[in-house]
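Right, one structure below, let's go through it.
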Number of protein chains: 2
Amino acid sequence: MPYTYEYPRPSVTVDCVVFGFDDKEPDLKVLLIQRAAEPFKDCWALPGGFVDMDEPVETAALRELEEETGLTDVFLEQLYTFGNPNRDPRGRVISVAYYALIAPADKQIAAASDAQNVHWFSVNQLPPLAFDHHLILETGLQRIRGKVSYQPIGFELLPEKFPLSGLQKLYETILETPLDKRNFRKKILNMGILKELDEFQQDVSHRAARLYRFDKAKYEQMVKEGFYFELKEQRTRETKRKK
Amino acid sequence: MPYTYEYPRPSVTVDCVVFGFDDKEPDLKVLLIQRAAEPFKDCWALPGGFVDMDEPVETAALRELEEETGLTDVFLEQLYTFGNPNRDPRGRVISVAYYALIAPADKQIAAASDAQNVHWFSVNQLPPLAFDHHLILETGLQRIRGKVSYQPIGFELLPEKFPLSGLQKLYETILETPLDKRNFRKKILNMGILKELDEFQQDVSHRAARLYRFDKAKYEQMVKEGFYFELKEQRTRETKRKK
DNA sequence: TCAAAAGTGTTAACCATACACCCATGC
DNA sequence: GCATGGGTGTATGGTTAACACTTTTGA
């Protein structure tokens, strides 16, 4: 190979912070696997592994995710690259971290894939994690907390059809703040990026809520025309008023 | 070493997109170096190089930046990791890209350091670039365009003391949109994150403008108390009003 | 005295917030 | 009929957008 350099080389891995959300629970969930091999055998860890020499890094993330959890067709974005020299006892390992968002329907699949032990954990009740995975996870959390307010990524955590209250709970969960129902509805509906369906919740022991669908095409059209998505924490007047 | 794995390993490099800004010019600038060695000998490229086995990745970025451009004490943040298998003719090279923001005063230093050829280029008049550096640079541009509106990173591109018109020009340049002078001043001054100085511009052939300084400590205090920095593109009512 | 940029205030439209009750459904 | 969540409107105040002239300074 021409121009080949012969420096010593670090290993390169990928790690995935897989977030999931469930209407009924007050917490965001993360998918973890229990390690089958040393180091950190039996310890919980983010799904991930070594990048092959001939595959793009993102492909490696998708491949490892499927191999270890059975998940395919997920929303995946690069998060951050962690490369401190001592983060892995095997030597110099640089890890490119990704975060994934998946809708509850897919969650079954993940739990079923039991080559290794795979579990959803609430982000507020995490076990000890291998390597620097706690730091990676925390970075992922910060990222989606920051991003959810000005990019419509929240919909990736919901099923295709969802009631407005589900969307509101999602935002309340991620932002860790209560939101006003009427204002939330007004704001999101006024954006015009939700399609109102003629379908309703099933099997609920109260009035069934109307379902909506995120209209991605319309959203992208509007962005081209200068639209900014923004769904922020609603602070009270008290908090906002200065001095 | 225990648990050592013996996979084939990619090389890992860092690349830095160094942005600079100058009052007088209507464009953002990027610092490029002319490559002294193959591959892409004599081609312009982002400063960068191989990560040593025992240094953190960010340290490598700072080190390469100093070695190749003489710059130290810069604002530096990780941008994105580029790892497509064919981005480097030498073989598999994964590059962790950073972006840096530097104030005009430092620019002299950079131009003086002439181990290699180092030059500022307007982001709108770039030469052909080595490797996938054009993609990296474009990614950096998108990042600061997105980030400048809701994080006070713009100040990193200005000297310590600056007139409000300089700040406004910076925002107009990065966001590529004209801003209303009175509204801009009102908004930024109302935030309370600028310290008004008793100093004025020197050597200008018109009324000298008052200088201000970004009060970082105050900003951080306010963030703790729930303050959100936001300095967005000001759209006209026309554009905003729908249908 | 001219050129060049600094600096300054008001109005009207819009948007965000606060807030409480009735409705539909299943049990 | 009761419990559960679904669904709705209005008044207030704060924020943003639009807009033009006077001041200062140096050449």
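So that the names make sense, note that chain A is the first sequence line, chain B the second, and so on, each numbered from 1. Quick caveat, the model's predicted, so the values are computed rather than measured.
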Check your understanding: What distance do A/Glu77 atom CD and A/Arg143 atom CZ have between them, rounded to the nearest 0.5 Å?
Key -> 7.5 Å
Check your understanding: Which word best sums up how the rings of B/Phe214 and B/Phe155 line up, parallel for under 30°, tilted for 30 to 60°, or perpendicular for over 60°?
Key -> parallel
Check your understanding: Would you say the ring centroid of B/Trp44 lies under 6.0 angstrom from that of B/His133?
Key -> no
Check your understanding: Could you give the CG-to-P distance, from B/Leu179 to D/dA18, as a whole number of Å?
Key -> 11 Å
**Study point:** Atom-pair distance (CG on B/Leu211; C1' on C/dA5), nearest Å
**Key:** 14 Å
Practice item. Calculate the interatomic distance between B/Phe184 atom CZ and D/dA17 atom P; express it in whole Å. Key: 13 Å
For nucleotides 19-24 of chain D, give me every protein contact, N/O to N/O, under 3.5 Å, one pair per line with atom names.
residue, atom, partner, partner atom, Å
D/dC19, N3, B/Arg182, NH2, 3.4
D/dC19, N4, B/Arg182, NE, 3.3
D/dA20, N1, B/Arg182, NH1, 3.2
D/dT23, O2, B/Arg207, NH1, 3.3

Check your understanding: Between A/Lys187 and A/Asn190, does any side-chain donor sit less than 3.5 Å from a side-chain acceptor?
Key -> no
Point to revise | Rounded distance in Å - CE (A/Met191) to P (C/dC15) | key: 12 Å
Review point. Quick one: is B/Ser165 getting a side-chain N or O under 4.0 Å of the C/dA6 phosphate, OP1 or OP2?
Key: yes
Practice item. When you get a sec, tell me which of D/dG6, D/dA27, C/dT8 is the closest nucleotide to the side chain of A/Arg185? Key: D/dG6
**Study point:** Atom-pair distance (CG on B/Asn190; P on D/dA17), nearest Å
**Key:** 13 Å
Review point. When the ring planes of B/Tyr171 and B/Phe184 are compared, do they come out parallel, tilted or perpendicular, using 30° and 60° as the limits?
Key: tilted
Check your understanding: Could you state the CD-P distance from A/Gln201 to D/dT4, rounded to the nearest angstrom?
Key -> 16 Å
Check your understanding: Are A/Phe21 and A/Phe19 near enough that their ring centres are under 6.0 Å apart?
Key -> no
Check your understanding: Under 4.0 angstrom, heavy atoms only, what part of the nucleic acid is B/Arg210 near: base, sugar-phosphate, or nothing?
Key -> sugar-phosphate
Exercise for review: Specify the separation, in whole Å, of atom CD of B/Glu172 and atom C1' of C/dA5.
Suggested key: 14 Å
Revision key, fill the gap. In whole angstroms, the gap separating C1' of D/dT8 from CG of A/Leu164 amounts to 12 Å
Check your understanding: Quick one: do the B/Glu138 and B/Gln142 side chains pair a donor with an acceptor below 3.5 Å?
Key -> no
